[in-house]
Amino acid sequence: MPGRNPIEEQEYNKKVTKAAESFWSAFQMTENGKVKSTLLLYSFCLCWVFIAVYGVLFFFLLDPLDALTAGLPVFAVNLVEALVPTVAGAAICSLTWFLSRTEKRLLPAAYLWLFLLMLACLITLLIYSNGEREVQLMILQVFGMFVLPPLVLGGGSAMFLYYRYWKNKPPVAPAAELKKRQ
């Protein structure tokens, strides 16, 4: 294409390649066979567990909730059907906070992965809708009812727990003081 500088384009491609390699290298193994970033790997796997938990809760709770809310206005039915599985799922997923005594960033990181995956799904679905307005509105309605509440409530509670932990965490002693104590 006219007007493009091949040297600048080549440098840009090198930068993008280097950034991608540095990101994906966090998932690779070291020489000892250990994962470089356990937080990245564990939080990614935990995010899939969260998806399964929320999926099972929505699957099993929507029919009974629909039967219980029969006769109520549509807004109330939708609100109950969105919030009850969300609260139950957030409570169950927040229990993982107590599993790790040392790595408290795991829960917020899992919800960050969940957010990124759901954002990718939303964008993909909107692209595949081919600009059909009714389909896009239905996709947004489903996401607003079944995806946003778990992300907001679960992610918010995870951030609250981590903030409270971070705020009350005892300060780390400098290395020189640790050597003097030994």
Side-chain angles (χ1 to χ4, degrees), residues 19-30 33-69 74-129 135-169:
E21 287 175 358
S22 68
F23 173 76
W24 288 113
S25 70
F27 290 102
Q28 295 175 345
M29 304 287 184
T30 63
K34 295 184 179 182
V35 179
K36 287 184 181 179
S37 175
T38 56
L39 174 67
L40 219 57
L41 183 64
Y42 291 166
S43 63
F44 182 73
C45 293
L46 188 60
C47 137
W48 287 101
V49 172
F50 288 178
I51 290 172
V53 167
Y54 283 115
V56 165
L57 285 170
F58 275 106
F59 182 78
F60 285 112
L61 290 178
L62 283 183
D63 284 338
L65 288 173
D66 194 39
L68 286 173
T69 57
V74 175
F75 176 75
V77 172
N78 287 343
L79 190 65
V80 168
E81 288 180 354
L83 290 182
V84 170
T86 295
V87 170
I92 291 170
C93 293
S94 292
L95 291 175
T96 59
W97 176 260
F98 302 106
L99 292 178
S100 175
R101 298 204 183 274
T102 57
E103 187 57 78
K104 295 295 187 181
R105 298 175 296 174
L106 189 62
L107 184 63
Y111 273 104
L112 180 62
W113 275 113
L114 192 61
F115 170 76
L116 293 173
L117 287 173
M118 294 306 125
L119 184 64
C121 286
L122 178 64
I123 291 170
T124 304
L125 285 172
L126 290 175
I127 289 172
Y128 282 144
S129 69
V135 174
Q136 289 177 342
L137 289 174
M138 188 172 47
I139 290 169
L140 291 175
Q141 182 181 8
V142 168
F143 262 77
M145 193 169 157
F146 299 116
V147 176
L148 278 182
L151 286 176
V152 170
L153 185 64
S157 65
M159 292 307 294
F160 172 75
L161 287 170
Y162 183 72
Y163 175 75
R164 197 178 74 194
Y165 165 77
W166 176 74
K167 185 178 164 189
N168 298 327
K169 181 173 71 169

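Atoms considered below: every heavy atom in the structure, side chains included; atoms not considered: hydrogens, waters and symmetry mates. Note that the structure is predicted; figures quoted are calculated from it, not measured.
- Smallest separation of non-hydrogen atoms from C93 and V53: SG-CG1, 4.0 Å.
- L65 approaches P85 most closely through the heavy-atom pair CD1-CD, 3.9 Å.
- Note that K104 lies in the cation-pi zone of W97, set by a 6.0 Å cut-off to the ring centre and a 45° limit from the axis.
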Verdict with supporting geometry, T86 and F146, side chain to side chain contact (heavy atoms under 4.5 Å, CB included): CA-CA 8 Å; T86 295; F146 299 116; over 6 Å; no

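- Nearest heavy-atom pair across C47 and L117 is SG-CD1, 3.3 Å.
- The neighbour count for Q141 CD, taken as heavy atoms of other residues, nucleotides or ligands under 6.0 Å away, does not exceed 12.
- Pairing each heavy atom of S43 with each of L106, the nearest pair is N-CD1, 3.5 Å.
- Across all non-hydrogen atoms, the minimal contact from F143 to M118 is CE2-O, 3.4 Å.
- The environment of F115 atom CZ is sparse: at most 12 non-hydrogen atoms of other residues, nucleotides or ligands sit within 6.0 angstrom.
- Ring geometry for F44 versus W48: interplanar angle over 60°, hence perpendicular rather than tilted (30 to 60°).
- The closest side-chain heavy-atom distance from W113 to L40 is below 4.5 Å.
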Steps toward side chain to side chain contact (heavy atoms under 4.5 Å, CB included) verdict (L107, F50): CA-CA 10 Å; L107 184 63; F50 288 178; 3.5 Å; yes

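- A distance-only check finds a donor-acceptor pair linking the side chain of N168 to the backbone of R164 [under 3.5 Å].
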Residues Y54, V147; criterion side chain to side chain contact (heavy atoms under 4.5 Å, CB included); working and verdict: CA-CA 9 Å; Y54 283 115; V147 176; over 6 Å; no

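- Here the side chain of S157 pairs a donor or acceptor atom with the backbone of G154 at under 3.5 angstrom.
- In terms of heavy atoms, L151 sits closest to Y111 at CD2-O, 4.4 Å.
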